[in-house]
Amino acid sequence: MKALRQALLILLLALPPAAVVGFIQIDTKQTGPGTPAAPLAQDEIDLATAKSWDSVLWVDARARAQFDEAHIPGAVPLSEEEWDDDLVALFDQWKPDRKVVVYCDSAACDKSRQVAARLRSEVGLENVHWLRGGWDAWKKEGPQP
């Protein structure tokens, strides 16, 4: 009987927090029209803001085959796999006053975050952001200003 009371007490103590967590939904992605997006992470930028900037250097962190198939106009490739070779091409386009926006496939892709972090830490660039939604966001919204 004592064990049953202890089990019930534990259940009563654990149930309210579990119920609260069960009813609160934390969504880190946009789920559709009219659904507010999760707050931007550090160094993350949304497409509308990036397109509103005067001078943006778009950096494509996807594999070379994907870049060759299609990319944001004016973008330069910079993948982890071809870092040293691609970095030279990036510096041909980069200027200190340009904002750098790195993108990859989609919101689930981490390559843009990794490349952006390397540009900041290893190369010393400061104004580097990664694009929320990546290439998928660009294709969805298109190139309109």
Query raised in the report: What are the two closest heavy atoms between V56 and A50, and how far apart are they?
Result: CG2-O, 3.4 Å
Query raised in the report: Does any non-hydrogen side-chain atom of N127 lie less than 4.5 Å from one of V100?
Result: no
**Report entry** Hphob cluster co-occupancy, V128 + V115, side-chain heavy atoms under 4.5 angstrom
**Finding:** yes
**Report entry** Exam field: side chain D46 to backbone T49, donor-acceptor pair closer than 3.5 Å
**Finding:** yes
Query - 4.5 Å side-chain heavy-atom contact, W83 and E122 - result: yes
**Report entry** Under 3.5 Å: donor-acceptor pair, side chain of R98, backbone of Q93
**Finding:** yes
Query - Smallest separation among heavy atoms of G134 and Y103, with atom names - result: CA-CB, 4.1 Å
Requested in this report: Return the minimal non-hydrogen interatomic distance between W58 and P73, and the atom names on each side.
Outcome: CD1-O, 4.3 Å
Query raised in the report: Taking the side chain as C-beta and beyond, is there a heavy-atom pair between F91 and L125 under 4.5 Å?
Result: yes
Query raised in the report: Above 12 or not: heavy atoms from other molecules or residues under 6.0 Å from CG of D92?
Result: yes
Query raised in the report: Quick one: does R120's side chain have a donor or acceptor within less than 3.5 Å of a partner on E126's backbone?
Result: no
Query raised in the report: Does any non-hydrogen side-chain atom of V102 lie less than 4.5 Å from one of L78?
Result: no
Query raised in the report: Below 4.5 Å, heavy atoms only, C-beta onward: do L57 and L90 meet side chain to side chain?
Result: yes
Report summary line: Closest heavy-atom pair, A137 versus L47, reported as atoms and distance to 0.1 Å, is O-CD2, 3.6 Å
Requested in this report: Please name the pair of heavy atoms, one in F67 and one in P77, separated by the smallest distance, quoted to 0.1 Å.
Outcome: CZ-CD, 3.5 Å
Query raised in the report: Hey, is D60 close enough to R62 for a salt bridge, meaning N to O under 4.0 Å?
Result: yes
Query raised in the report: Cationic tip of K111 within the cone over W130's six-membered ring, i.e. under 6.0 Å and within 45° of the normal?
Result: no
Query raised in the report: Quick check: does any side chain N or O of E82 sit under 3.5 Å from a backbone N or O of S79, one acting as donor and the other as acceptor?
Result: no
Query raised in the report: With the threshold set at 4.0 Å, does a side-chain nitrogen-carboxylate oxygen contact exist between R118 and E80?
Result: yes
